[in-house]
Number of protein chains: 2
Amino acid sequence: MAIEVPKTRRGETSRAAILNAALDLFQERGYEATTMRSIAERTGVSLGSSYHYFPSKEHLVLEFYRHTHELHAAAIAPLLSREKDLATRLRGTIRAVVVTCEPFHAVAGSIFSTVANPASPLNPFGGVAKPLRDEVVQLYADVVSGSDARIPADIAEMLPLMLWLYQMGILYFWIFDRSPGRLRTLEVIDETTDLIVRLISLANLPVLRGSRKRILGLIKDIVERPQG
Amino acid sequence: MAIEVPKTRRGETSRAAILNAALDLFQERGYEATTMRSIAERTGVSLGSSYHYFPSKEHLVLEFYRHTHELHAAAIAPLLSREKDLATRLRGTIRAVVVTCEPFHAVAGSIFSTVANPASPLNPFGGVAKPLRDEVVQLYADVVSGSDARIPADIAEMLPLMLWLYQMGILYFWIFDRSPGRLRTLEVIDETTDLIVRLISLANLPVLRGSRKRILGLIKDIVERPQG
DNA sequence: GTCTATAACCGGATAGAC
DNA sequence: GTCTATCCGGTTATAGAC
């Protein structure tokens, strides 16, 4: 069940070749239509060999996920280093997510449901995928901390995780979006990022203090207690 | 792909028997461990016959979903007819969801991910499962309209759908919950239902008017425009 | 036309020899 | 680390029974 790390040069080559073939085929034919046999065939190895490196088809998806995360992080690096306005940073970051994932739009549905499955090793709430999730959460921490927005400490603590969840929500919307150029998703992103920044500033209002404390306390409790 | 409705008495009997066997087996062994062959065997029909009534294993899940919905609706009927306080109605309704689903806790993970899959016929955002979703949304409309809370029209319009989504969120939390007696989920329910009612009352504050209009407009737009 | 059964297909996963 | 052979379970084709 663990991820196999190749021990030899030859092993590394095989592993990389299998992964490449898989990514290509996912993109060409979609997730279900890509069989483990077709991946092995295109790579030029046997079916059994594929399983030596990737204990299941799902584990190939995990690599796929890592792949797009790296593309995404690279795509927004310039923005994050020059821009200070939080709304702009956030909007640019989320827009870049859907742009980066666009080539995989057709595959995304199956992948999303795999990831959402609590029984899957890929579920981001614990398991093999957790380290990668933490990287993405860290990326949103950078989005926030690199801005000139002054955010109360209790909100700042939980915000990156909330933004990661928000990103998931946008991706789920995007999966259903069939508008030309995926314009609807972009509209929703523009509207929601603005709204989020506005709500953060409103959270300082005295009347909202009580609810804010309760909400943040609840989130913290959910996140930090084990198994839930 | 359509749902097959038996045309004869004998057909009805077979269909009901298959469904019963499936529900029992799901509960006994979980979703994955229950094979279509085992369902057919327990029913005393052939594998092919099962497929005459249920075009896929997923379609059995849809019936399962309907089954629990009916148990749930029956369970909360007394509460809804006697209680007028919104927070109490909402808390009781959501608590009853997890209580009703408790016997299926072990199966729920697989089922949830099946349902979340945009490619699945069971996805509630369109497809075969939509009528059932509408029934559940209607149930939340009753929870709200039967209370003595005075809710602005724009909120009241979208609230039932939001509460259905909220229920989904609670169920997802509950799936992960391994605390004894599922106490954590019950705690989260109590806290969140209270919070929701509180936030609805706060929504009338002048400072929040703008955000409220924007949020409700956005939700309405997402719900009502096709394909998204 | 409605129901039931048998036999096969397909693809993910595994065992075990080399 | 690589292969072949096999299992297992969802699904389908199709022939016959009522």
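Each chain gets a letter, A, B and so on, in the order the sequences are listed, and its residues count up from 1.
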> Check the distance between C:dT4's C1' and B:Tyr53's OH and give it to me in whole angstrom.
8 Å

> Would you say the side-chain atoms of B:Arg89 pair up with the backbone N or O of B:Val144, donor to acceptor, closer than 3.5 Å?
no

> Using a 4.5 Å cut-off on heavy atoms from C-beta on, say whether the side chain of B:Leu25 contacts that of B:Ser38.
yes

> Under the salt bridge (charged side-chain N to carboxylate O under 4.0 Å, His left out) definition, can you give me all pairs with a residue in residues 28-45 of chain B, not counting sequence neighbours?
B:Glu28-B:Arg42

> With the threshold set at under 4.0 Å for non-hydrogen atoms, list the residues of residues 21-41 of chain B touching DNA chain C in residue-number order.
B:Arg37

> Could you tell me the separation between the NE2 atom of B:His52 and the P atom of C:dG1, rounded to a whole number of Å?
13 Å

> Answer yes when B:Lys130 and B:Glu135 have at least one side-chain N-carboxylate O distance shorter than 4.0 Å, and no when they do not.
no

> Looking at residues at least two apart in the chain, or sitting in another chain, which of them share a side-chain contact (heavy atoms from CB on, under 4.5 Å) with A:Pro124?
A:Val115, A:Arg133, A:Trp164, A:Met168

> Whole angstrom is fine here: how far is it from CZ in B:Phe54 over to C1' in C:dT4?
15 Å

> Check whether the ring centres of B:Phe125 and A:Phe176 lie less than 6.0 Å apart, and answer yes or no.
yes

> Rounded off to whole Å, could you give me the NZ-to-P distance for the B:Lys7 and C:dT2 pair?
5 Å

> Check this one for me: any side-chain N or O of B:Ser14 less than 4.0 Å away from OP1 or OP2 of C:dT4?
yes

> What residues form a salt bridge (charged side-chain N to carboxylate O under 4.0 Å, His left out) with B:Glu70, not counting sequence neighbours?
none

> Looking at C:dA5, I'd like to know if its phosphate oxygens (OP1 or OP2) sit under 4.0 Å from a side-chain N or O belonging to B:Ser49.
yes

> Reckon B:Thr8 touches a base, only the sugar-phosphate, or nothing at all at heavy-atom distances under 4.0 Å?
sugar-phosphate

> Taking ring pair (Phe, Tyr, Trp, His ring centres under 6.0 Å) as the criterion, tell me which of A:Phe26, A:Trp174, A:Phe64 meets it with A:Phe104.
A:Phe64

> Just jot down the side-chain contact (heavy atoms from CB on, under 4.5 Å) partners of A:Glu12, sequence neighbours excluded, or say none.
A:Pro6

> What is the per-nucleotide protein-contact pattern of nucleotides 12-18 of chain D, from the 5' end, where B denotes a base atom under 4.0 Å from a protein heavy atom, S denotes such proximity for sugar-phosphate atoms only, and - denotes neither?
B------

> Please report, rounded to the nearest Å, how far the P atom of D:dG10 is from the CG atom of B:Leu60.
11 Å

